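Everything on this sheet refers to the single structure shown next.
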Protein chains: 2
Amino acid sequence: MKYRSISEVSAELDIPDSTIRYYEKKGLLPLIERDNAGRRIFSEDQMTLLGTVMCLKNTHMPISDIKQYVDWIVEGDSTLERRLEMMNNHKQAVLDEIALMTESLKGIDYKIERYTRQLQEKK
Amino acid sequence: MKYRSISEVSAELDIPDSTIRYYEKKGLLPLIERDNAGRRIFSEDQMTLLGTVMCLKNTHMPISDIKQYVDWIVEGDSTLERRLEMMNNHKQAVLDEIALMTESLKGIDYKIERYTRQLQEKK
DNA sequence: TGTTGACTTAAACCATGGTTCAAGTCGTAT
DNA sequence: ATACGACTTGAACCATGGTTTAAGTCAACA
C-alpha cells in the first residue's frame with residue numbers, strides 16, 4: 001500500500017497543499033494517518049476519497065454538504081439510502097446548472113455572430 | 001417605450017432589487033435613467049443589457065470582467081474586436097467548465113449505481 | 001553538530017458576491 | 001394634513017472558499 005506525503009498529493013492532483021489542509025480541517029478528509037513525525041500520510045483510500053471530494057467540488061457542491069456526505073460514509077452502511085438520495089438530488093442540480101449554462105451560451109453565441117458580422121461589414 | 005421600476009425588473013427577472021442596485025454600483029448597468037423623484041427607470045435597452053449581464057453571470061464570468069465588457073459596449077464600435085475576442089475566450093471557458101462538470105458527473109453516476117446495487121442486495 | 005527543507009499548527013488575512021441597515025425623500029390615498 | 005409604501009443613499013455586515021503568515025518541529029545530509 002503506497003502512502004503519499006502532502007506535497008506528493010498536491011503535485012499529483014494539482015491542488016495547493018494549503019487547500020488539502022483546509023479540507024481536512026473542514027472535515028472533508030477524516031481519518032488521515034500521520035507518520036512518527038506527525039506528518040500526514042495519504043493512503044490509497046484517502047486518495048479515492050479525495051477524488052470523490054473533487055468530483056463534488058467540481059460540480060459546485062458546497063463544502064458543508066460534502067462534509068455531510070463524508071460524515072455519512074464514515075458512519076457506514078446505515079447511511080446508504082441517505083447518500084443515494086443526496087447523490088440523486090445533486091445529480092439533478094448539476095444537470096440543471098449545465099442546462100442553464102448551455103442556454104446562456106446561446107446568448108454568447110449570438111453576440112459572437114453579431115460581432116463577427118459587423119466586423120466583416122466594416123472591412 | 002415602456003419603462004420599468006426597480007421592483008418590476010426585480011419581479012420580472014427574479015433578481016433581488018438589492019442585487020440590481022449592487023450591479024449598477026459595480027458598473028454593470030451604466031446610464032440608468034431616473035424619474036423626477038430620483039428613482040431608477042429601466043428602458044427596453046437596459047432590460048436587454050441586464051439580460052446580457054445575466055447570461056455572463058450564469059456562465060460564471062467574474063463581475064470585473066463583465067464590467068470591462070460593458071465599458072467596451074459604452075465605448076462604441078471601436079471596441080468590437082476586443083468584445084469579440086472576449087466572447088470567444090469566454091465561450092471556450094464555459095465549454096471547458098461544462099466538460100469538467102460532465103466528466104465529474106460520471107463519478108457521481110458511479111456512486112448512484114453502486115449505492116443502488118448495494119441497497120438491492122441488502123433487501 | 002548544525003543547517004536545510006519539508007512539514008506542523010492556529011490565527012489572521014483576503015477576494016468575491018452579494019445582503020442588510022439606518023436615515024431620509026417622495027407620491028398617492030385617506 | 002398625514003400616513004403609507006416604494007424608493008433613495010452609503011456604510012456596515014455576511015457567507016463562502018480558500019491563502020498567507022508566524023513560530024515551531026523533525027529527519028536527513030554535510
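Values in this document were obtained by computation on a predicted structure and should not be read as measured data. Heavy-atom basis, side chains included; hydrogens, waters and symmetry copies ignored. Note on naming: letters A, B, ... go to the chains in the order of the sequence lines (proteins, then strands), and numbering restarts at 1 for each one.
Which of D/dT19, C/dT9, C/dT19 sits closest to the side chain of B/P16 comes down to C/dT19. When distances run from any side-chain atom of A/R39 to the nucleotides C/dG18, D/dC7, C/dT8, the shortest one goes to C/dT8. Each of C/dT9, D/dC7, D/dG18 was ranked by its minimum atom distance to the side chain of A/Y23; first place goes to D/dG18. Proximity note for B/I6 (side chain, C-beta onward) versus C/dT19, D/dT19, D/dC7: the nearest is D/dC7.
Contact between the side-chain N/O atoms of A/S64 and the OP1/OP2 oxygens of D/dT16 is not found at any separation under 4.0 Å. Side-chain nitrogen and oxygen atoms of B/T19 include at least one within less than 4.0 Å of the OP1 or OP2 phosphate oxygen of C/dT19.
For the pair A/L29 CG and D/dG17 P, the interatomic distance rounds to 15 Å; values are reported in whole Å. Atom OH in B/Y3 sits about 17 Å away from atom P in D/dC7, given to the nearest Å. Rounded to an integer number of Å, the gap from CD1 of A/I20 to P of D/dG17 is 17 Å. The distance between atom CG of A/N36 and atom P of C/dC7, rounded to the nearest whole Å, is 16 Å. Straight-line distance from the CZ atom of B/R34 to the P atom of C/dC26: 14 Å, rounded to whole Å. If you measure from atom NZ of A/K25 to atom P of C/dT9, you get 9 Å, rounded to the nearest angstrom. Taking atom NZ on A/K26 and atom C1' on C/dA11, their separation rounds to 14 Å, with Å as the unit. Rounding to whole angstrom units, CZ of residue A/R4 and C1' of C/dA6 are separated by 18 Å.
Within the nucleic acid shown, B/S5 comes within 4.0 Å of sugar-phosphate atoms alone, with no base atom in reach, counting heavy atoms only. Among the heavy atoms of the strands lying under 4.0 Å from B/R40 are primed sugar atoms or P, OP1, OP2 only; no base atom is included.
Rounding to the nearest 0.5 Å gives a distance of 12.5 Å between CZ of B/R82 and CG of B/L84. Note that CD of B/E8 and CD1 of B/I41 are 11.0 Å apart. Values are rounded to the nearest 0.5 Å. Atom CG of residue B/L28 and atom CG of residue B/L50 lie 9.5 Å apart, to the nearest 0.5 angstrom. A distance of 6.0 Å separates CG in A/L49 from CG in A/L29, rounded to the nearest 0.5 Å.
Looking at which nucleotide of DNA chain D each of A/M61 and A/A37 is closest to, the 5′-most match is held by A/M61. Both B/H60 and B/S18 lie near DNA chain C, and the one whose nearest nucleotide falls closer to the 5' end is B/H60.
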Query raised in the report: Between A/N88 and A/Q92, is a side-chain hydrogen bond (donor to acceptor under 3.5 Å, both in side chains) present by the stated rule, with each step listed?
Result: CA-CA 6 Å; A/N88 272 318; A/Q92 191 55 55; over 6 Å; no

